[in-house]
Amino acid sequence: MKINLNTQFPTTGDLIIPVLQTNTLVDQLTDLARKLDLSVAVLQRDFTADAKEVLAAYGPNGQKTYLLGLGVNPQEMDWLRVFRNFFFNQKSKLPAQLAVDLTAFDGSIVEGVALGIRGGGYDLKLYQTDKADGPIFFSDSGELTLYVTNEQKATAQKALTKAEAIHQTQRQMLDLMNAPANHKNPQTLADWTIASGNQYGYKVTILDKAELERQKLGALLSVSLGSNVPPVLIIAEYKPEGVENPRKVGLVGKGVTFDTGGVSIKISASMHLMKSDMGGAAAVLGTVEVAAKLKLPIHVIGIVPATENSTDGRSTKPGDVVTAYSGKTIEIIDTDAEGRVILADGMGYMVRNYQPDVLIDLATLTGNVIAALGYHAAGLFTQNDELAAQLTQAANQTGEQLWRLPLWDVYKEDIKSDVADLKNYSGKPIAGAISAAKFLEVFSEKHPAWAHLDIAGMAFADTEFGSQKNATGFGIRLLIAYLQTQIVKTQE
Ligand code: BES
Ligand code: MN
Ligand code: ZN
């Protein structure tokens with residue numbers, strides 16, 4: 001399906017008209033009825049413009065118009081959700097040609113609209129063999145026209161280009177996240193990154209198992225011991241051309257391609273969902289690719305420690321003490337608290353070899369953050385108020401929400417070990433997201449601008465795409481919005 005912009009009123013195909021829920025709705029509908037030659041009584045009786053509400057009406061020449069409710073004061077994420085919901089639910093009924101009338105809105109809303117339309121075409125049924133042909137609208141012959149005014153056109157075009165770039169990357173991350181562990185492993189993530197780096201011109205380095213041993217990434221290696229697929233450390237570095245002293249942002253993402261819990265094995269009820277324990281990696285790798293596509297004037301380094309966490313005679317056992325890349329020793333109390341252990345090496349490697357101005361890690365780290373915030377926000381941990389404000393602003397703009405939780409030193413007690421420099425679990429079922437963050441703080445090595453995002457509830461969640469939790473692509477839009485706030489900084 002192609003998406004294009006047009007400043008002429010669309011005369012072919014069905015038409016979609018988004019409608020705001022305002023106290024002048026009656027007037028809006030009266031105007032629409034006149035414009036479309038429809039009965040105003042029908043529109044007014046049946047349509048209240050609630051978010052996601054749809055009213056289909058037929059004009060005198062048989063052309064179909066959908067009114068699409070936006071609710072009150074929709075933000076970027078609301079536009080995205082409303083359009084995604086409409087296109088996902090209606091896709092089998094849509095004709096090849098469609099137009100959306102956006103002339104009543106600001107051109108910038110095209111970003112959410114285009115992401116929503118493309119998102120509605122996502123198909124979770126990657127492995128079904130008896131699939132019917134997909135909907136005509138989402139096939140190569142499908143065509144969508146965004147009807148905009150001359151004034152909107154430049155803004156709308158920019159927003160459309162950005163949305164296309166983000167969507168195309170995000171979709172690949174959804175597929176990687178939704179792929180089961182017999183269809184992906186650490187090398188799959190490495191191969192994806194190598195191909196992406198070749199395509200978009202950024203540098204990719206993969207440290208294989210032998211190299212991890214040589215460079216002593218003992219924490220990452222310890223988590224991988226129980227698996228027959230080897231671990232890797234993926235380094236993706238996008239450096240803009242012709243920008244003097246660009247700001248350097250280091251992103252580290254947890255890439256556990258399956259988390260059984262290890263010897264501290266998980267209960268089986270929802271273990272299958274642990275194919276998604278690489279949401280941090282997906283956010284980081286996706287962000288580097290989009291930054292390279294958009295040629296952002298920011299130096300972005302993404303590091304992903306990637307491994308499985310499996311059970312085996314060779315697995316790391318509770319009580320084992322392992323030595324991280326930074327030289328610190330970790331007592332492994334619970335092998336299911338493996339994310340922080342591999343991030344210790346990912347962050348240590350970043351800090352020691354790249355000295356970024358800002359360090360952000362993302363991880364599907366704890367069930368406890370879901371207990372605290374549910375599926376509506378990721379946990380944000382940082383001691384840096386300015387960084388917290390910038391990330392929160394990016395969250396508010398994109399609707400990929402963050403909520404700050406404390407990093408007070410009293411919580412350090414929870415990770416004190418009798419035998420090693422620190423331990424990976426307090427042994428108590430309280431404040432688990434915070435003690436995990438305190439653990440990571442040690443490996444930020446006092447970086448003045450470090451933030452940790454616990455995205456366990458946000459990366460894999462209920463969506464319209466399926467009956468089970470599935471990938472959301474969380475973090476890419478957030479981080480790109482954050483990186484864009486950093487551009488201003490560079491140019492100051
Ligand atoms: N990958 C899990 C966290 C998780 C849980 C992500 C639910 C998404 C949904 C992580 O490795 C884990 O197992 N954490 C444990 C830590 C505990 C053993 C200290 C947890 O949260 O229960
Ligand atoms: Mn775990
Ligand atoms: Zn995990």
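Numbering of ligands and ligand atoms starts at 1, following listing order. Basis for what follows: all heavy atoms, side chains included, without hydrogens, waters or symmetry-related copies.
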Worksheet item: How about Asn470 and Tyr122: does a side-chain donor come under 3.5 Å of a side-chain acceptor?
Response: no
Worksheet entry | Atom indices of ligand 1, in the order listed, that fall short of 4.0 Å to a heavy atom of Ala456 | 6 (C), 8 (C)
Worksheet entry | the Zn ion (ligand 3) - closest N/O/S atom in Asp259 | OD2
Item to complete: State the atom name: nearest N, O or S atom of Glu338 to the Mn ion (ligand 2).
Response: OE1
Discussion item. Which of the numbered atoms in ligand 1 are under 4.0 angstrom from any heavy atom belonging to Tyr425?
Written reply: 19 (C)
Worksheet, complete the sentence: Counting heavy atoms under 4.0 Å, the part of Asp277 that contacts ligand 1 is side chain
Item to complete: Begin from the C-alpha positions of Lys184 and Asp175 and carry the test salt bridge (charged side-chain N to carboxylate O under 4.0 Å, His left out) through to its verdict.
Response: CA-CA 10 Å; Lys184 71 169 174 230; Asp175 285 349; over 6 Å; no
Worksheet item: Between CG of Asp385 and CD of Gln390, what distance do you get to the nearest 0.5 Å?
Response: 11.0 Å
Worksheet entry | the Zn ion (ligand 3) reached by Lys254 (N, O or S, under 2.8 Å) | yes
Worksheet item: Mind checking whether the Zn ion (ligand 3) has an N, O or S of Asp336 under 2.8 Å?
Response: no
Item to complete: For atom 5 (C) of ligand 1, state which one of Ser270, Gly339, Gly367 supplies the nearest heavy atom.
Response: Gly367
Practice prompt. For atom 12 (C) of ligand 1, grab the closest protein heavy atom and report residue, atom and distance to one decimal in Å.
Written response: Asp336 O, 3.2 Å
Discussion item. Of all the N, O or S atoms in Asp259, which has the shortest distance to the Mn ion (ligand 2)?
Written reply: OD2
Item to complete: Go through the steps for Lys412 and Glu441 under the test salt bridge (charged side-chain N to carboxylate O under 4.0 Å, His left out), then give the verdict.
Response: CA-CA 10 Å; Lys412 245 163 109 174; Glu441 188 180 38; over 6 Å; no
Worksheet item: Under 4.0 Å from ligand 1, counting heavy atoms only, is it the side chain of Ile370, its backbone, both or neither?
Response: side chain
Worksheet, complete the sentence: Residue, atom and distance of the protein heavy atom nearest atom 8 (C) of ligand 1 read Met274 CE, 3.6 Å
Worksheet item: Do any nitrogen or oxygen atoms of Glu338 lie less than 3.5 angstrom from nitrogen or oxygen atoms of ligand 1?
Response: yes
Worksheet item: Which bit of Lys254 is near ligand 1, meaning a heavy atom under 4.0 Å away: side chain, backbone, both or neither?
Response: side chain
Practice prompt. Mind checking whether Arg340 contacts ligand 1 via backbone (N, CA, C, O), side chain (CB onward), both or neither, at a 4.0 Å heavy-atom cut-off?
Written response: side chain
Worksheet, complete the sentence: Under 4.0 Å from one or more heavy atoms of Asp259, ligand 1 contributes atoms 1 (N), 2 (C), 10 (C), 11 (O), 13 (O)
Worksheet entry | Thr364 side chain to Asp277 side chain, donor-acceptor N/O pair below 3.5 angstrom | yes
Fill in: Nearest-0.5 Å distance, NZ of residue Lys275 to CG of residue Asn182
10.0 Å
Fill in: N or O pair under 3.5 Å between Asp334 and ligand 1
no
Item to complete: Could you check which N/O/S atom of Glu338 is closest to the Zn ion (ligand 3)?
Response: OE2
Item to complete: Check ligand 1 against Thr364 and write out every atom of the ligand that is under 4.0 Å from a heavy-atom position of the residue.
Response: 1 (N), 2 (C), 3 (C), 6 (C)
Worksheet entry | Residue pair Asn309 / Thr260, side-chain donor-acceptor N/O under 3.5 Å | no
Worksheet item: Strictly under 6.0 Å, is that where the ring centroids of Tyr325 and Phe443 end up?
Response: no
Discussion item. Of all the N, O or S atoms in Asp277, which has the shortest distance to the Zn ion (ligand 3)?
Written reply: OD2
Discussion item. Distance alone, cut at 3.5 Å: any donor-acceptor contact between the side chains of Ser310 and Glu308?
Written reply: yes
Worksheet, complete the sentence: atom 10 (C) of ligand 1 sits nearest the protein heavy atom Leu365 O, 3.3 Å
Practice prompt. Nearest 0.5 Å please: distance from the CG atom of Leu251 over to the OH atom of Tyr238.
Written response: 13.5 Å
Item to complete: Could you verify whether a donor N or O on one side chain and an acceptor N or O on the other, from Gln128 and Asp130, lie under 3.5 Å apart?
Response: no
Worksheet entry | Ion pair Lys438/Asp409, N-O distance below 4.0 Å | yes
Fill in: Glu237 and Tyr354: side chain donor to acceptor below 3.5 Å
no
